[in-house]
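This chain uses plain numbering: 1 for the first residue, then up along the sequence. As a basis for the values below, the full set of heavy atoms in this structure was taken, side chains included, without hydrogen atoms, waters or symmetry mates.
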Amino acid sequence: MALVGAPLLVTFVSGHLSDDGNTATEPSGAQSSAPSPSRPDLHASASLLGITSCTALATAPTALEDRAELAAGGDWSGLISRHSGAALGQLHVGITLQGGDRALTIDSIDIEPRAGRASPPHDGALLCWAGQGDEPRVQLAADMDLPEPYLHDEESPTLPHFRDSVITLAPHEQVSLAVSFRAEEGHREFELIIRYVLDGERGSLPVPPPDGQEYAVTAPADTYEAAYLSTVTGTRQMDSQEICQWTGAHENC
């Protein structure tokens with residue numbers, strides 16, 4: 001499912017190094033009989049920045065349930081989930097890192113795609129929302145069309161950010177990052193993994209996606225089986241020129 005909607009803070013995932021040096025992770029609020037540190041060493045959370053203007057579905061929404069949700073407009077989260085939707089063109093995510101009782105160093109945030117290469121863009125249907133406002137200010141970005149995508153500074157797309165940089169968290173310090181994941185050629189689903197060093201031991205911690213769904217972004221397709229626009233006055237179908245305007249694929253128009 002695509003990550004779309006108003007900014008949403010997700011459940012924290014926290015981690016601490018176990019006796020064998022590996023990271024133990026436990027969702028906040030989970031019950032466990034095993035002993036654990038009084039405070040985890042690292043928390044990680046993700047939230048959406050802004051609202052995705054368009055989402056592409058893998059398959060066309062043709063069922064009665066789909067049509068009813070389309071007609072209602074606004075919240076299409078169920079429709080997006082059923083048809084494996086993905087943010088169109090770019091996915092803006094805020095990552096918040098919260099230190100625990102001990103200082104630690106984050107030496108990378110790795111992007112781990114679920115497939116070795118991007119698959120064809122989703123072309124089942126295009127869903128867009130009018131009046132979504134300005135795009136958020138981005139610190140880091142990633143080209144998800146690459147076989148092995150990496151985070152980079154906006155002004156240095158060929159230089160991996162963590163090649164020469166680390167993030168040092170003092171006890172209880174919090175750091176926030178704004179990241180944009182972009183796709184111009186294909187579709188990509190992926191995970192985010194934090195790699196860190198604590199007291200000389202290496203650990204890792206996944207960054208859970210908002211709403212418990214998958215991180216996913218897809219490039220504009222040449223054509224769609226259907227396209228819909230949600231406005232303050234309701235939902236309507238878009239014509240080919242409107243699709244071009246929303247996807248930015250003017251060369252195909």
Side-chain angles (χ1 to χ4, degrees), residues 1-11 46-93 113-115 118-136 144 180-191 208-253:
M1 159 173 176
L3 302 177
V4 296
L8 174 66
L9 187 63
V10 302
T11 304
S47 61
L48 295 177
L49 298 180
I51 303 176
T52 301
S53 295
C54 292
T55 292
L57 306 184
T59 53
T62 57
L64 290 177
E65 181 181 15
D66 297 335
R67 294 181 181 182
E69 193 167 338
L70 281 169
D75 182 8
W76 288 334
S77 57
L79 181 69
I80 292 168
S81 178
R82 291 191 299 274
H83 293 273
S84 302
L88 183 75
Q90 53 190 352
L91 173 66
H92 299 303
V93 176
R114 294 190 177 277
S119 57
H122 282 359
D123 61 0
L126 182 67
L127 309 180
C128 296
W129 292 261
Q132 298 306 306
D134 298 330
E135 292 185 1
M144 299 306 297
S180 181
F181 301 93
R182 297 164 181 163
E184 296 182 354
E185 299 176 4
H187 171 81
R188 216 70 185 274
E189 298 175 4
F190 57 97
E191 296 179 343
D211 205 24
Q213 304 300 324
E214 293 184 342
Y215 294 106
V217 62
T218 192
D222 292 337
T223 60
Y224 295 93
E225 294 185 46
Y228 302 90
L229 179 65
S230 177
T231 71
V232 293
T233 58
T235 300
R236 63 175 177 82
Q237 286 193 280
M238 291 191 284
D239 60 32
S240 58
Q241 288 301 315
E242 287 178 305
I243 293 173
C244 286
Q245 293 172 2
W246 280 95
T247 62
H250 299 293
E251 65 275 8
N252 297 323
C253 300

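- Put simply, the side chain of Trp246 does not reach to within 4.5 Å of the side chain of Leu88, judged on heavy atoms.
- In this structure, the side chains of Asp66 and His83 come closer than 4.5 Å at one or more pairs of heavy atoms.
- For the atom pair Asp222 CG and Ile243 CD1, the distance stands at 12.0 Å (nearest 0.5 Å).
- For the pair Leu49/Val93, no side-chain contact is recorded, criterion being any heavy-atom separation below 4.5 Å from C-beta on.
- Proximity of Tyr224 to Leu57: side-chain heavy atoms (C-beta onward) are nowhere separated by under 4.5 Å.
- Residues meeting the side-chain hydrogen bond (donor to acceptor under 3.5 Å, both in side chains) test with Thr231, sequence neighbours left out: Thr233.
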Side-chain atoms of residues 119-127: list all donor-acceptor pairs with protein atoms under 3.5 Å, sequence neighbours left out, distances to 0.1 Å.
unit_1, atom_1, unit_2, atom_2, d
Ser119, OG, His187, O, 3.4
His122, NE2, Ser84, O, 2.9

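- To the nearest 0.5 Å, atoms NE2 (His92) and OG (Ser47) are separated by 12.5 Å.
- Here the straight-line distance linking atom CG of Asp75 with atom CD of Glu69 works out to 6.5 Å at 0.5 Å rounding.
- For Glu184, there are no side-chain hydrogen bond (donor to acceptor under 3.5 Å, both in side chains) partners two or more places apart in sequence or in a different chain.
- Shown here are the side-chain contact (heavy atoms from CB on, under 4.5 Å) partners of Arg114, two or more places apart in sequence or in another chain: Glu189, Glu191, Glu214.
- Note on ring orientation: taking the six-membered ring where Trp is involved, the planes of Phe190 and Tyr215 are parallel (angle under 30°, cut-offs 30° and 60°).
- A side-chain donor-acceptor contact under 3.5 Å links Arg67 to the backbone of Thr62.
- For Gln237, the side-chain contact (heavy atoms from CB on, under 4.5 Å) partners at least two apart in sequence or on another chain are Ala226, Tyr228.
- To the nearest 0.5 Å, atoms OG1 (Thr218) and CD (Gln90) are separated by 13.0 Å.
- For the salt bridge (Lys or Arg N to Asp or Glu O under 4.0 Å) condition, the pairs that include at least one residue of residues 239-248, sequence neighbours left out, are Arg236-Glu242.
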